[in-house]
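Both counts, for ligands and for their atoms, begin at 1 and track the order of listing. The first residue of the sequence shown is numbered 1, and numbering continues consecutively from there.
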Amino acid sequence: MNFNSSSYEERAAKHPHPVARSLFEIMVSKKTNLCLSVDLTSSQEILALTDKLGPYICLLKTHVDIIEDFDPDFISKLSELSLKHNFLIFEDRKFADIGSTVIKQYGGGIYKIAEWVHITNCHVLPGPGIVDGLKSVTRDLPPRALLILAEMSSKGNLLTDEYTKTAVEIAKNNTDFVIGFIAQHRVSEPSNDKTTASGSNADFIIMTPGVSLPGRDGDSFGQQYTNPETAICVNGTDVLIVGRDLFTNPDPVSRAKEYVSTGWNAYLKRINK
Ligand code: BMP
């Protein structure tokens, strides 16, 4: 679909959701639209890389259930890094069960995701009850937000156009909690002067995984990559999610700087600055 030609500043000023506002404000102040997907399995390695790349990212994406030595102290340290470097935390949990089960998965268990994570995500396969369930967990917490998986990067995935449209409808009915999509394209109308707090003109943030600078051609399990410039200028994404191309790089800081400048220049081109 279309891309969004408003600046992140304009979108921050108008956005009704506090988590979306914070994210846009961080992006503007640090001049970055990069999200590090820190898919490592040792908590020490995750913390060390996050401390190194913290200055270059607006968002840190975790898969907390792959950590082999998880302990609650890890969460305190990660939260300290998020304050030190000014980024938000996104747990890529991809909830996919009925409302009453996701309530326990999001709020409880050993990870207590809702307590420390600003943003999480879900599939809408079970129908809108999953969003209602997740939202109910956040009632007495600081602001929390949800992304809906509307498209996936992997070859042969089953998220059809029809499914994507339904995902967008569910998001539009829950703009007090859903701030955007994990998607490969801008799947909803871009915001404009008619942007409203909710409903059909809500300003959804598009975050795209399966992004790599030229040179990485997918993996042997169906991952597919788009380059940052295409993702931002053609497909209309707002946040670039990058994993292995950063955390397996021998010089992740230099690589992160390349993503930051490529991503930011592509964004400036898109908004015509
Ligand atoms: P990488 O850049 O190393 O391919 O990692 C991509 C990250 O984004 C992984 O953590 C994966 O779980 C996630 N992801 C994805 O690759 N495609 C999707 O459609 C949705 C995802 O969350």
Side-chain angles (χ1 to χ4, degrees), residues 32-42 45-46 49-50 53 56-68 78 87-96 105-106 111 113 117-125 130 134 145-161 163-164 167-168 171 178-187 204-232 235-250 252 255-256 258-260 262-263:
T32 177
N33 43 31
L34 177 62
C35 167
L36 165 64
S37 177
V38 66
D39 301 336
L40 295 165
T41 56
S42 133
E45 283 179 23
I46 293 173
L49 186 67
T50 302
L53 298 194
Y56 310 104
I57 60 174
C58 57
L59 187 65
L60 180 76
K61 185 174 87 59
T62 55
H63 277 302
V64 74
D65 58 356
I66 67 172
I67 301 174
E68 280 163 7
L78 201 65
F87 59 78
L88 300 186
I89 302 176
F90 161 27
E91 164 58 23
D92 187 3
R93 174 61 181 75
K94 298 188 180 72
F95 293 101
Q105 292 173 322
Y106 184 33
Y111 302 122
I113 294 167
V117 156
H118 307 99
I119 302 173
T120 191
N121 59 353
C122 77
H123 287 290
V124 285
L125 276 170
I130 186 170
L134 292 169
L146 183 71
L147 301 168
I148 290 181
L149 281 116
E151 294 177 327
M152 290 196 75
S153 60
S154 45
K155 217 174 277 174
N157 73 75
L158 306 181
L159 282 69
T160 59
D161 290 352
Y163 180 94
T164 302
V168 172
V178 179
I179 60 164
F181 301 99
I182 295 294
Q184 296 296 307
H185 307 93
R186 171 151 286 283
V187 292
F204 291 115
I205 303 173
I206 307 294
M207 303 198 189
T208 299
V211 165
S212 177
L213 285 163
R216 190 170 274 273
D217 300 322
D219 62 18
S220 33
F221 302 101
Q223 177 65 302
Q224 305 176 108
Y225 290 110
T226 308
N227 75 62
E229 165 108 14
T230 305
I232 292 175
N235 299 344
T237 197
D238 297 308
V239 176
L240 303 171
I241 300 178
V242 183
R244 284 164 287 184
D245 203 46
L246 286 171
F247 69 76
T248 64
N249 197 290
R255 196 63 169 166
E258 283 183 65
Y259 277 99
V260 172
T262 310

Is [X] close to ligand 1, meaning an N/O of one under 3.5 Å from an N/O of the other?
X      : value
Ser153 : yes
Val242 : no
Asn121 : no
Ser154 : no

Looking at [atom1] of [X] and [atom2] of [Y], how far apart are the two atoms once the value is rounded to the nearest 0.5 Å?
X      : Y      : atom1 : atom2 : result
Phe181 : Arg186 : CZ    : CZ    : 9.0 Å
Tyr225 : Ser153 : OH    : OG    : 8.0 Å
Ile67  : Ile46  : CD1   : CD1   : 3.5 Å

Could you work out, for [atom], the closest of [options] by heavy-atom distance?
atom                    : options                        : value
atom 13 (C) of ligand 1 : Asp219, Asp92, Leu240, Ile241  : Asp92
atom 21 (C) of ligand 1 : Arg244, Met152, Gln223, Lys94  : Lys94
atom 20 (C) of ligand 1 : Gly222, Ser212, Gly218, Pro209 : Pro209
atom 5 (O) of ligand 1  : Leu36, Asp39, Ile182           : Asp39

Next item on the list: For Pro228, enumerate each residue passing the side chain to side chain contact (heavy atoms under 4.5 Å, CB included) test, keeping only those at least two apart in sequence or located in another chain.
Entry: Val211, Leu213, Leu240, Tyr259, Thr262
Checklist line | For Thr164, side chain to side chain contact (heavy atoms under 4.5 Å, CB included) partners two or more places apart | finding: Ala150, Glu151, Val187
Notebook entry, point to check: Using 4.0 Å as the upper bound for N to carboxylate O, is an ion pair formed by Asp65 and Arg93?
Noted result: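 So Arg93 does not pair with Asp65 through a salt bridge.
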Check: Side chains of Asp39 and Ser37: is there a donor and an acceptor less than 3.5 Å apart?
Finding: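 Judged by distance alone, the side chains do pair up.
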Check: Judged by modelled atom types alone, do Thr62 and Glu91 share a side-chain donor-acceptor pair under 3.5 Å?
Finding: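 Distance-only check passes for Thr62 and Glu91.
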Next item on the list: Would you mind checking which non-hydrogen protein atom is closest to atom 12 (O) of ligand 1, with the distance to 0.1 Å?
Entry: His63 NE2, 3.0 Å
Check: Of the protein's non-hydrogen atoms, which lies at the shortest distance from atom 2 (O) of ligand 1, and what is that distance?
Finding: Gly243 N, 2.9 Å
Notebook entry, point to check: For ligand 1, which atoms sit closer than 4.0 Å to a heavy atom of Tyr225?
Noted result: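 By the 4.0 Å cutoff, the relevant atoms are 1 (P), 2 (O), 3 (O), 4 (O).
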Notebook entry, point to check: Under 4.0 Å from ligand 1, counting heavy atoms only, is it the side chain of Ser37, its backbone, both or neither?
Noted result: side chain
